[in-house]
**Q** 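Sharing a structure, written as structure tokens. Questions coming.
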Amino acid sequence: MVLPRRRHHSNNRLRCLAPIIVVVCGGILLFLALLSFLVPPPLDTDHLRSRHNYFVPFGSRGEGSNGAVKFSVPSGGGRSDHDLWSSRFSKFYYGCSNASHKFGKAVAITVPNRFLMIATSGGLNQQRTGITDAVVAARILNATLVVPKLDQKSFWRDASNFSEIFDVDWFIKYLSKDVKIIKQLPEKKGKTGTPYTMRVPRKCSERCYQSRVLPVILKRHIVRLTKFDYRLANKLDTDLQKLRCRVNYHALRFTVPILDMGRELVHRMRIRSKHYIALHLRFEPDMLAFSGCYYGGGEKERKELGAIRKRWKTLHTSNPDKERRHGKCPLTPEEVGLMLRALGYGSDVHIYVASGEVYGGEETLAPLKALFPNFYSKDTIGRKEELQPFAAFSARMAALDFIVCDESDVFVTNNNGNMAKILAGRRRYFGHKPTIRPNAKKLSRLFLNKGNTSWEVFASRVRIYQRGFMGEPNEVRPGRGEFHENPSSCICEESGANAKRDSGSQKSGKESNATRKDFDEDDQNMDDELEWMDPDDEEDQTGPQETGLANGTGLDYGVLASEEPELEEMLSD
């Protein structure tokens, strides 16, 4: 009797637990169903796709026979053939800008009663080129240079003078052996002289200054050169080129408040990560309008950018597809992100972005931020009260970005404008720190066809196309391109460097030989890449924005035709 009772008791207990078991099992099944619906299909462990598909870029959903997405971007940087944070052969090269023994001292060559005044043009970096070249122009003319006047009337509307951006006393002292520099014209009988105003052609050579400006300064004694940007030839005597480097890389030093704030921003990037990338992202509405490129925004984009484009009356209607094929279109933020990931930079990398208003705002930036979530700017790492003294002055804010970009481990630009050129040259001079300039001509085709290829193939092609565009020594032949970007006269090479470099190359010979043809082809087009259009390169102001094409594009490459009679009359006056 005991056994049947126990069995009956057990059966009653099971009947009571049955509903509970059914509910629990149902809950588990419902949870698994929801989980399978929410979680994306399993991918290779090296790949990651966000739920917003930022890691599977728009237009990249190429379908295979099984319907799987072919182009998905890994979160990790993947395999790299070299150190991502340093230039491979930089240890064999160093900046050298000391004058030779035959370069006379300023006290000996400066002629009394010759004064050169300069009115710079454009934003901070465009003005920097003007200041640098002004010192050399004064040396050519054996004249005393008056501290250059900064442009306060262009689009930037910055009322800062030279001494509020640059350490003027250091500037004068450092260059005292090369050129006599004074802060203002001396007075005679309580009056200052009246300068004679003129303009020289762009790319004016040493002989050009001697034939065009010297006769005027001999007669008038005080000459002011206006619109002074890129008014000095790329190719000059070696000692004059080295003087350019002494000015740009040593004499032009920001004021203490700018330096201190800039260094603090650098420090805050460093405490977040050992290494960081600085990205100069020129994707502002005016930049896109000026480029004449199209980015898939439909009629809305065409109307908005078309309205801005009308500010430059000299710009002709362009073919957007042709501009992109020729590598003249700035990369989108997403394209910059894909390029960096293909080069080996993973999602854990920290990026500092120097940029104005990005066309399309956060929607445009979203793919880049998804690829690199550690995304910063001076506004996110600097407190509002700290930035307040600089906020009303565009040049001082640009100077802060300049410092953080200059101190970065890797500098990246999606264009080749003034800041990109100045920083590229500076980083070459100070140790060839990696400076990535997109090979836009080759990459544009790759981006257009990325939906028809795998990530592995895409990344491999990016790495091939970017050889020669990474800031390595000698990737641009001496004398090619803009001197401010490629100061080859100021880069010296250690003895025996060739043998050491060749030895290092043999270890990776398979890689280099396989792509020599690609590199040679890109090098042939290097000058085209360097002559990028930039809205900062103004010539005539036709409204609230700056105007003109970058040097070498045909606008005011020399003296304008209308100026020639005036110049001849002035010289014979």
Side-chain angles (χ1 to χ4, degrees), residues 48 50 54 74-78 80 82-87 90-91 124-125 165 167 249 253-281 333 336-337 339-341 343-356 358 362 365-391 393-414 419-420 422-424 426-436 470-471:
L48 178 65
S50 82
Y54 292 140
S75 60
S80 177
H82 62 280
D83 185 358
L84 294 171
W85 302 105
S86 65
S87 184
S90 61
K91 61 185 177 181
L124 174 69
N125 297 290
I165 296 176
D167 186 335
Y249 307 136
R253 189 165 70 182
F254 292 121
T255 58
V256 171
I258 292 174
L259 278 178
D260 287 348
M261 188 67 236
R263 288 167 178 165
E264 180 59 28
L265 295 177
V266 171
H267 172 69
R268 291 175 191 177
M269 288 301 298
R270 293 282 180 215
I271 61 177
R272 287 170 166 81
S273 179
K274 181 180 178 181
H275 301 294
Y276 74 91
I277 292 174
L279 168 60
H280 185 220
L281 187 60
V336 173
M339 177 190 70
L340 290 174
R341 183 59 49 81
L343 290 173
Y345 298 97
S347 60
D348 60 332
V349 168
H350 288 59
I351 290 186
Y352 177 92
V353 178
S355 173
V358 172
E362 283 300 313
L365 286 173
L368 176 60
K369 287 185 174 181
L371 286 163
F372 295 96
N374 299 305
F375 186 96
Y376 307 96
S377 69
K378 61 179 173 293
D379 297 311
T380 61
I381 61 175
R383 294 187 294 273
K384 187 175 181 179
E385 59 271 20
E386 291 177 315
L387 297 175
Q388 193 275 330
F390 311 94
F393 305 95
S394 61
R396 298 181 212 184
M397 292 291 272
L400 297 179
D401 277 337
F402 186 97
I403 293 169
V404 184
C405 289
D406 185 38
E407 292 293 328
S408 66
D409 299 280
V410 175
F411 174 64
V412 184
T413 177
N414 70 333
M419 180 170 170
I422 290 287
L423 276 172
R426 184 179 176 86
R427 291 169 69 86
R428 282 191 169 103
Y429 184 84
F430 289 110
H432 281 88
K433 293 188 288 185
T435 302
I436 301 174
M470 302 291 287

**Q** According to side-chain contact (heavy atoms from CB on, under 4.5 Å), who are the partners of Glu362, at least two apart in sequence or on a separate chain?
**A** Leu365, Lys369
**Q** Centroid separation under 6.0 Å, is that true for the rings of Tyr276 and Trp85?
**A** no
**Q** Is there a side-chain contact between Val410 and Leu84 (heavy atoms, below 4.5 Å)?
**A** no
**Q** If we only count heavy atoms from C-beta on, is the Leu124 to Ile165 side-chain gap below 4.5 Å?
**A** yes
**Q** Check whether any side-chain heavy atom of Lys378 lies under 4.5 Å from a side-chain heavy atom of Met397, and answer yes or no.
**A** yes
**Q** For Cys405 versus Leu423, what's the shortest heavy-atom pair and its separation?
**A** CB-CD1, 3.6 Å
**Q** So, do Leu343 and Met470 sit near enough that their side-chain heavy atoms are less than 4.5 Å apart?
**A** yes
**Q** Can you list everything that forms a side-chain contact (heavy atoms from CB on, under 4.5 Å) with Asp348? Sequence neighbours excluded, please.
**A** none
**Q** Quick one: are Arg383 and Leu387 in side-chain contact, heavy atoms under 4.5 Å?
**A** no
**Q** Could you work out, with ring-ring contact (aromatic ring centres under 6.0 Å, His included) as the rule, every residue matching Tyr429, not counting sequence neighbours?
**A** Tyr249, His250
**Q** For Phe254, enumerate each residue passing the ring-ring contact (aromatic ring centres under 6.0 Å, His included) test, keeping only those at least two apart in sequence or located in another chain.
**A** Phe166, Phe402
**Q** Report yes if the side chains of Pro333 and Val336 come closer than 4.5 Å at any heavy-atom pair, otherwise no.
**A** no
**Q** Taking the side chain as every heavy atom from C-beta outward, state whether Tyr345 and Ile277 have any pair of such atoms under 4.5 Å apart.
**A** yes
**Q** Just grab all the salt bridge (Lys or Arg N to Asp or Glu O under 4.0 Å) pairs involving residues 265-277, residues at least two apart or on different chains.
**A** Glu264-Arg268, Arg268-Glu386, Arg270-Asp409
**Q** Are Arg341 and Phe372 in a cation-pi setup, meaning NZ or CZ lies under 6.0 angstrom from the ring centre and within 45 degrees of the ring axis?
**A** yes
**Q** Is any side-chain heavy atom of Ile258 closer than 4.5 Å to one of Ile403?
**A** yes
**Q** Can you name the nearest heavy-atom pair linking Ile436 to Leu340, along with the distance?
**A** CD1-CD2, 4.1 Å
**Q** How long is the gap from CD1 on Ile381 to CG on Leu265, to the nearest 0.5 Å?
**A** 4.5 Å
**Q** What pairs with Ala420 under side-chain contact (heavy atoms from CB on, under 4.5 Å), at least two apart in sequence or on another chain?
**A** Thr413, Asn416
